[in-house]
Amino acid sequence: MKKRCFHMIGLLVLIGALLCPTPAPAAPLELSLSLLIPSRHNRYVHVLEPWVKMVEEKTKGNVKITPYFANSLAPTNQMFESTVSGLADISEGLTYANPGRFPLTETLMLPELGIKSALSASKALWHLYKTIPEFQAEYKGVKVLWLHAAPPLKLTTTKKPVRNLDDLKNMKIWVTGSVPVVTGKALGFSPVPMAPGDVYLALEKGVIDGAIADNEIFVSRKFVDISKYFTELDITQVAFYVVMNQQKWDSLPPEVKKVLEELSGDWAVEFSGKIRDEEEKEAEEAAKAKGTTYIQFSDGEKEKVSKILAPVKEKYVSDLEAKGLPGKKVLQELIKFAK
């Protein structure tokens, strides 16, 4: 009798298991990543895509980050605001694309700062963000994951090598951002802003004489095929942000926040800065192998450049101070990182 009862109980348990299957695992938390660059861009392939994979792996598949490329979620100049509003969960964008919003951050775009690498510039930006409240206030409305920078930009020209300031006179040069426009005018060339995708054709057709670019852009955008000279002037650097919608951040489970914090901040600054510098070195070697000539100004010409550009820096900083912003302090901290 007891044996029959046990068999009956077992049968009931089996029937219950069949009628009440194990609940399906919860769907992963989906986050959108808004990008201005295409999927084949080196910054995505070497920095952002590995970061996405690391986040997904460390959360054991509980987070799924979907990239939206080439401004498909928002135009470049609305990337930041689209993240504040929640249209995008995460964005990587350019600070100079939002005129007037990041004046302290754009101090990095001043010439003659002496910062030699993407890593140093990225560390400087992150230090400024962590230590200066007014700098931090430029990113109000989002959770800042990290800030990073491009390597120092140089001058590339197509037909005419630039060996001194006189060679620069009246040349038409592509620049990005309002600060390099002022720098270009001070040095005597005509700055020509345009969309990055239009620059190759403009160089090829002679609409412009050259461009302000780093080695990586020079090679990846094929400028190296038509532009054979690179003059190493300390003209500017470009700053990027990686930010998350604040409400989305606040809603994340603690274990997901922990992973994102581990893979952002100081770690991400180091990670992205080192990769950008490695890309720069590899691109310079590739450019030299294709016959690119790298030109250094003489000490006398460098001194002339410094004298011409000192007022550009002074005016930018004094304009910040007039608005109640710590321009002098930010400039001093950037120069410390250069040293």
Side-chain angles (χ1 to χ4, degrees), residues 27-59 61 63-98 101-102 118 122 139 141-151 153 174 176-177 193-202 211 213-223 238-245 248-249 252 256 259-260 263-264 268-269 271-273 275-276 278-280 282-283:
L29 171 64
E30 295 194 12
L31 299 172
S32 59
L33 172 61
S34 182
L35 300 167
L36 59 95
I37 51 180
S39 60
R40 65 185 181 277
H41 195 287
N42 279 352
R43 200 165 69 252
Y44 180 72
V45 172
H46 297 150
V47 178
L48 294 167
E49 186 177 30
W51 177 79
V52 165
K53 289 179 178 177
M54 281 187 272
V55 171
E56 292 178 348
E57 287 169 7
K58 283 212 165 194
T59 58
V63 171
K64 168 69 177 170
I65 299 176
T66 302
Y68 291 84
F69 298 105
N71 302 117
S72 56
L73 273 188
T76 302
N77 64 350
Q78 294 175 30
M79 196 78 73
F80 188 86
E81 286 301 332
S82 72
T83 316
V84 174
S85 70
L87 177 64
D89 295 320
I90 306 170
S91 292
E92 192 230 29
L94 287 158
T95 56
Y96 74 74
N98 301 77
R101 177 161 198 130
F102 302 102
S122 300
Y139 299 87
V142 295
K143 164 71 176 176
V144 177
L145 297 179
W146 80 93
L147 304 175
H148 65 104
L153 307 189
W174 173 58
T176 54
M194 67 174 66
D198 297 333
V199 177
Y200 182 93
L201 196 59
D214 56 39
N215 286 298
E216 190 276 324
I217 289 175
F218 184 61
V219 172
S220 66
R221 292 186 180 273
K222 310 295 185 186
F223 297 171
V238 178
F240 300 83
Y241 56 75
V242 183
V243 298
M244 187 170 188
N245 173 265
K248 179 62 74 173
W249 170 263
L252 294 177
V256 173
V259 168
L260 284 170
L263 295 175
S264 60
V269 167
F271 172 70
S272 55
I275 289 174
R276 300 296 298 275
E278 286 167 9
E279 288 178 344
E280 186 72 355
E282 290 169 5

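Hydrogens, waters and symmetry mates are skipped; everything else that's a heavy atom, side chains included, is used.
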query: Do S272 and F240 come close enough that some side-chain heavy atom pair is under 4.5 Å?
result: no
- request: State, with a plain yes or no, whether a side-chain heavy atom of R43 is found less than 4.5 Å away from one of R276.
  value: yes
message: Using every non-hydrogen atom in the two residues, find where D214 and P151 come nearest and quote the distance to one decimal.
response: OD2-CD, 3.7 Å
- prompt: Quick one: does W146's side chain get under 4.5 Å of F271's, heavy atoms only?
  reply: no
- request: Taking all non-hydrogen atoms of both residues into account, name the closest pair between G93 and L36 and its distance.
  value: CA-CD2, 4.0 Å
Side-chain heavy-atom pair L29, T59 within 4.5 angstrom cut-off: no
query: Does a side-chain heavy-atom distance below 4.5 Å link E279 with V45?
result: no
field: Shortest non-hydrogen separation from A149 to S122 and the atoms involved
entry: N-OG, 2.9 Å
Option from L260, V144, L33 for which side-chain contact (heavy atoms from CB on, under 4.5 Å) with M244 holds: L260
- request: With side-chain contact (heavy atoms from CB on, under 4.5 Å) as the test, would you mind laying out the steps for L48 and I37 before giving the verdict?
  value: CA-CA 11 Å; L48 294 167; I37 51 180; 4.2 Å; yes
task: On the 0 to 90° scale, with breaks at 30° and 60°, tag the Y139-F102 ring pair as parallel, tilted or perpendicular.
output: tilted
message: Within the 4.5 Å heavy-atom criterion, are D89 and S32 side-chain neighbours or not?
response: yes
- prompt: Could you give the distance from CG (L147) to OG1 (T95), rounded to the nearest 0.5 Å?
  reply: 9.0 Å
- prompt: Which pair of non-hydrogen atoms, one from N245 and one from S85, has the smallest distance, and what is that distance?
  reply: ND2-C, 4.0 Å
message: Is there a side-chain contact between V52 and P67 in this structure, where contact means two heavy atoms from C-beta onward sitting under 4.5 Å apart?
response: no
query: Distance from Q78 atom CD to N98 atom CG, nearest 0.5 Å?
result: 9.5 Å
- request: Using only heavy-atom distances, determine whether the side chains of E216 and S220 contain a donor-acceptor pair under 3.5 Å.
  value: yes
- prompt: Closest heavy-atom contact between V55 and V259?
  reply: O-CG1, 4.2 Å
message: Give me the atom names and distance for the closest heavy-atom approach of S34 to M79.
response: OG-SD, 2.9 Å
query: If you round to the nearest 0.5 Å, how far is NE2 of H41 from CZ of R221?
result: 5.0 Å
- line: The ring pair (Phe, Tyr, Trp, His ring centres under 6.0 Å) partners of Y68 (sequence neighbours excluded) come to none
task: Measure the CD1-CG distance between I90 and L73 for me, rounded to the nearest 0.5 Å.
output: 11.5 Å
task: Measure the CE-CG distance between M54 and L263 for me, rounded to the nearest 0.5 Å.
output: 6.0 Å
message: Assess the residue pair E81 and R101 against the criterion (side-chain contact (heavy atoms from CB on, under 4.5 Å)); give the C-alpha distance rounded to whole Å, side-chain angles, the decisive distance to 0.1 Å, and a yes or no.
response: CA-CA 11 Å; E81 286 301 332; R101 177 161 198 130; 2.3 Å; yes
task: Would you indicate whether the side-chain heavy atoms of W51 and E92 approach each other to under 4.5 Å?
output: no
